[in-house]
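These figures come from a predicted structure and were not determined experimentally. Indexing begins at 1, ligand by ligand and atom by atom, following the structure's order.
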Amino acid sequence: MGGFRFPQDFLWGAATSAFQIEGAAERGETIWDRFCETPGKVLGGHTGRIACDHYHRRRQDLNLMRELGLRSYRFSVSWARVLPQGSGRIHAAGLDFYRRLVDELSEAGIAPLATLYHWDLPLALQDLGGWEDRDTARRFADYAALLFQRLGDRVQHWITLNEPYVAAHLGYRTGDHAPGFRDEGRAVQVAHHLLLAHAWAVRAFRQLATRRAGSRIGISLDLPWIQPATEHPDDLTAADRYDAYHNRWFLDPVFGGRYPAELAEIFRRRHGVPRLETGDLEAFAAAPVDFLGVNYYFRQLVRRPDDPQELFQIVQPDYPGVRFTSMGWEIWPEGLYEQLRRLDREYGHPELILTENGAAFPDQRGADGRVEDPQRVEYLRAHLQAAGRALEAGVRLRGYQVWSLLDNFEWSFGYERRFGLVHVDFDTQKRTPKASALWYRQVIQQGGL
Ligand code: FCB
């Protein structure tokens, strides 16, 4: 497997998101600004006020991408930078920022992959009901259409939403993310509105005559590889339920216009959700994607729950030799191979792009100014090998985006978890490519491992 070559036009790249890197200058408030200001929500009381100051350092960061030889770059547009109130008045300077970004990327020969929503809902919309209100989905489709019109001549790959599972369940069930509620029923309803927002944005995209020839649209889902902790039939059932809960709840509507039946029945009994209106499932079915964005980080082991009220229980792996990243996520590259094969098999051989894969480790700049991160190189190499094997097996994998280009604001962990290929000193904003960045540059140059 050492010498596998990826296709010529493979989208080698790295990913970021607006709230995590830009800083808050010149944009409307978002739900994450409020969450950061709420005591106890974010480690160290960190905020997105400055982040990587990318809003002011766009050119410098572009030079970094050039130096790394990236062929593509996945970023997200801050809704509140373009529309400070979420709808209505356009903030021209905000739109201009993204206009310049995509122009400069194109000049550098770096294909932009633009995500429209990476969790930073304009606060003004939260105050009107946020994702619990269907109107938010309508406004999202309008905002999406605006971007298709204004940036569509440059952007070939659009991603509607990033990880609606996380937005809904960490935002509304566990409370670990903004807006920080703890209610499963509300989370399921929010997920429904997110999926509607996706479908309506895809519809708006297809209706637009002026978009760039060959441009495509998809969605990025977080798809952990899920396995039963033992072969016990009850554990198999629990693992299957959890796969329905985390993965198929989003995959099935996106690809087939329906929810997993057994779980839908359970949610309906428990909470009376999701509340659908006529035409919702048809809207899903009428919005096929051109590609699926896959975000893969880890495997999860599942067993039958101790508490019969629960549907499943996640088990911490503790076999000899188990390895974790600083997030406490198990390193399990085989799961990436299995997940890609499974998506290919069960969802009609779709085009796939790995829109996130990467790892946090406690990187430090050495006395010589260098950052050695052999564990990250090892993580990326193993996952690229898995991706290569999936390609060899016939999976239509079109690209790979490392999470992340830069160390950045890692949500409730603040700046305490470093995922970057490039180290950022948050006191001085100095960027230092880590050993993994230099390794990745070589991989791209060689077109493989
Ligand atoms: C994903 C998010 C991304 C980043 C990585 C580590 O769930 O999409 O913003 O936080 O995890």
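Partners of R396 according to the salt bridge (Lys or Arg N to Asp or Glu O under 4.0 Å) rule, which considers only residues two or more places apart in sequence or in another chain, are E351. D133 pairs by the side chain to side chain contact (heavy atoms under 4.5 Å, CB included) definition with D135, T136, not counting sequence neighbours.
Atoms of ligand 1 found under 4.0 Å from any heavy atom of W119, numbered from 1 in the order shown, are 2 (C), 7 (O), 8 (O). Close approach of ligand 1 to H118 is summarised as follows: ligand atoms under 4.0 Å from at least one heavy atom of the residue are 2 (C), 3 (C), 8 (O), 9 (O). The atoms of ligand 1 that sit less than 4.0 Å from any heavy atom of E410 are 4 (C), 6 (C), 10 (O). Distances below 4.0 Å separate heavy atoms of F419 from the following atoms of ligand 1: 6 (C).
Geometrically, ligand 1 and W411 share a nitrogen or oxygen pair separated by less than 3.5 Å. The shortest N or O to N or O distance between E163 and ligand 1 is below 3.5 Å. Ligand 1 has no N or O atom lying under 3.5 Å from any N or O atom of W329, backbone or side chain.
Judged by the 6.0 Å and 45° rule, R389 forms a cation-pi pair with Y337. With a 6.0 Å cutoff to the six-membered ring centre and a 45° limit on the axis angle, R186 counts as a cation-pi contact of F181.
When the heavy-atom distances from atom 1 (C) of ligand 1 to E356, H177, M327 are ranked, the shortest goes to E356. Heavy-atom proximity to atom 8 (O) of ligand 1, evaluated over V166, D222, N408, N162, is greatest for N162.
Of all protein heavy atoms, the one closest to atom 5 (C) of ligand 1 is Y297 OH, 3.3 Å.
Between W200 and F140, the gap from one ring centroid to the other reaches at least 6.0 Å. Residues W249 and F267 place their aromatic rings such that the two centres sit under 6.0 Å apart. In this structure, Y117 has its ring center under 6.0 Å from that of W131.
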